[in-house]
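One structure is given here, and the rest of the page talks about it.
Just follow the structure's listing: the first ligand is 1, and inside any ligand the first atom is 1. A quick note: this is a predicted structure, and the numbers were derived from the prediction, not measured.
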Amino acid sequence: MCGIFGYVGHQNALPLLVEGLRRLEYRGYDSTGVGLKHNDTIELLRAVGKVGSLQTVLPSSHNATVGIAHTRWATHGGVTEANTHPHASFDGEVHLVHNGIIENFRQLKAQLSASGITCSSETDSEVLAHHIALALKEGRTPQEAVANVLSRARGTWGLCILFTSHDLLICARHGSPLILGKGDGEMFISSDPHALAHHTNRVIYLEDGDMATVTEEGVDLSRLTGQHVEANVTVLDQNWGESELGDSPHFMHKEIYEQPDALRHCIAGRVERTLGRGRLGGMRLTNDVMVQTPYVGLLGCGTAYHAAEIGKMLIESMARLPAVANISSEFRSNDPVINPKALHLAVSQSGETADTIAAIREIQLKGGQAFGVVNVVGSTIARLCGQGVYIHSGPEQSVASTKAFTNMVAALTIFATQIGRTGNLSRAEGRAIMEGLQQTPHLMEAYFDDVGPIDEAVELVANAKSVLFLGRGLSAPVAKEGALKLMEIAYIPCLAYPAGEMKHGPIALLEEGSPVVIVAPNDHVKDKTLSAIHECRARGARIILIHEKGDPIEQEGDVSIGVPAVHPQLTPLLTVLPLQLLAYRTAIKLGCDVDRPRNLAKSVTVE
Ligand code: F6R
């Protein structure tokens with residue numbers, strides 16, 4: 001949540017900062033601002049709204065070669081210009097941008113009031129600028145002042161600080177990511193590695209408790225306690241994928257249609273056909289470990305949780321091993337019992353979701369092992385787990401997650417065959433699943449060649465009071481995913497239930513014309529789903545049916561959308577596609593901002 005970009009070097013800073021903000025906008029887009037330093041003056045330019053609004057207040061050129069920038073997702077204080085970052089200290093000496101939450105900001109603010117300093121914003125971040133300025137006035141160096149103030153702060157931060165009288169930037173990280181990019185005689189700072197990739201592939205990931213002094217010559221890294229640390233330079237993967245919009249109308253559209261190729265990347269090199277299984281090398285799992293595993297725990301939020309629910313079912317069915325899917329945000333508060341021999345898979349596109357990070361820490365604190373199932377390379381979850389699997393979706397910039405979902409499901413399918421083959425899964429069945437997975441990118445393409453009557457489905461849902469989504473077995477989490485997509489980008493209230501649960505309550509909502517989306521692929525629960533269709537129809541509901549192409553069940557829908565036939569364990573990879581398109585096209589019809597839905601941000605880095 002919120003994006004930070006910073007620059008120090010020989011180039012004109014302003015266009016670089018604006019470009020950085022544009023790439024980070026998906027992390028928060030309530031308001032944006034830049035701080036530009038030239039000689040001994042710092043100019044602040046801020047605006048409510050997206051980068052486009054900021055550009056209307058920016059000068060056409062500026063001589064600054066040092067600067068910081070921020071795009072905000074509001075936590076403390078409303079969306080106003082005063083609350084927009086950068087924030088300046090009372091004396092104009094310190095300017096900073098901050099991601100995270102300062103939990104004891106009220107106490108820090110009270111101390112400022114006692115010294116006669118009034119904050120001009122409602123944010124928790126501004127207090128840090130004033131306290132650092134006070135610490136400088138007491139004769140401390142910038143590094144000492146920052147360390148001193150952060151030792152008194154409680155909470156989380158990714159911080160980038162600019163000083164009027166010092167030619168350097170100070171960055172600090174505690175619970176909110178910050179990455180430094182090394183150029184030739186210049187340094188870049190970003191809260192997200194993909195905003196650096198166009199400038200350099202040599203990056204330094206700050207760890208929690210790190211503080212970096214950044215100048216155009218390079219970086220001096222230390223712990224907040226003062227101890228010097230050697231900066232570890234990592235080379236970014238050049239094959240990360242295209243993050244430009246290109247000819248696509250929206251990132252969501254682009255990312256939906258990228259799914260066949262993204263899936264190819266995810267499964268490449270991971271299929272062992274003759275052994276009837278997949279293999280995830282980064283998990284570093286021996287047969288002995290897998291055989292002794294008492295259960296598999298999966299964790300995630302939102303879309304990642306839906307993928308985890310599918311993973312749970314696949315693991316149980318292929319390995320006959322208990323598996324449980326947990327919502328990360330609930331995990332820690334429920335004081336879970338952790339078995340050190342169990343495998344815990346933390347599923348996350350961004351690898352920065354605070355709730356999932358907190359759940360991993362809980363597992364590790366209790367002696368358990370956690371593995372990341374993550375998209376963003378080098379992200380906090382990937383590094384915290386130190387083992388796991390990258391899903392290789394490439395950059396996902398639409399707030400609504402699409403291609404990460406299918407690749408999470410694919411990676412968990414591969415894992416299920418791997419652990420399944422140490423137990424219950426026969427070689428022949430494992431091979432059939434892996435062959436099916438290898439064909440799935442083609443099947444996705446075949447679906448995209450003829451997506452079916454999505455627009456008719458849009459007509460049924462666009463003006464509905466609410467939409468009910470139903471599915472059974474593997475299709476129950478798919479129904480939830482379809483509901484989440486439609487709700488988050490088209491703002492239509494959606495409910496999702498396992499189809500059998502419908503008659504235990506949600507059926508009360510149905511009236512003449514109510515739209516119900518039913519996911520009914522050709523699997524062993526299809527006939528039971530059929531009963532739910534009849535029950536809905538008997539109450540006057542209009543059925544949008546997602547089914548296998550050519551299956552006679554298609555007659556049961558008012559609008560029927562067929563997807564190609566696939567192995568029954570792989571149906572979520574196809575049935576989710578029309579649901580993503582339904583959400584996308586409905587949002588377009590309603591005039592919603594598809595890639596930047598209200599109140600949301602791409603990566604939720606606060607608990
Ligand atoms: C839904 C969506 C969110 C995320 C959730 C987890 O489209 O994007 O529900 O899935 O915030 O994010 P990650 O996967 O980054 O941990």
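Put simply, CG on L577 and CG on L443 are 10.0 Å apart, with the number rounded to the nearest 0.5 Å.
Each of the following atoms of ligand 1 lies closer than 4.0 Å to a heavy atom of Q349: 13 (P), 14 (O), 15 (O), 16 (O). Listed by number with element, the atoms of ligand 1 under 4.0 Å from a non-hydrogen atom of A400 are 7 (O). Close contacts of ligand 1 with A304, meaning ligand atoms under 4.0 Å from a residue heavy atom, involve 10 (O), 14 (O). Near K485, with a cut-off below 4.0 Å to any heavy atom, the atoms of ligand 1 are 1 (C), 7 (O). With ligand atoms numbered from 1 in the order given, ligand 1 contributes 1 (C), 9 (O) to contacts under 4.0 Å with heavy atoms of L484. Atom numbering of ligand 1 starts at 1 in the shown order; those under 4.0 Å from a heavy atom of S401 are 7 (O), 8 (O).
Any N or O atom pair closer than 3.5 Å counts here, and G351 shares no such pair with ligand 1.
Side chain to side chain, R173 and T380 meet the donor-acceptor criterion of an N or O pair below 3.5 Å.
With sequence neighbours excluded, the residues satisfying salt bridge (Lys or Arg N to Asp or Glu O under 4.0 Å) with D210 are R223.
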Verdict with reasoning, V576 to V409, per side-chain contact (heavy atoms from CB on, under 4.5 Å): CA-CA 11 Å; V576 77; V409 171; over 6 Å; no
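Listed by first then second residue, pairs satisfying salt bridge (Lys or Arg N to Asp or Glu O under 4.0 Å) with a partner in residues 489-500 number zero, not counting sequence neighbours.
Here T353 has side-chain heavy atoms under 4.0 Å from ligand 1, and that is the only part of it that gets that close. By the criterion of a heavy-atom distance under 4.0 Å, the side chain of E488, and not its backbone, is placed next to ligand 1.
You'll find the ring centres of Y584 and H253 inside the 6.0 Å limit.
Proximity of T356 to ligand 1 is not established, as no heavy-atom distance is less than 4.0 Å.
Ring geometry, Y295 versus H344: the interplanar angle exceeds 60°, so the pair is classed perpendicular (tilted spans 30 to 60°).
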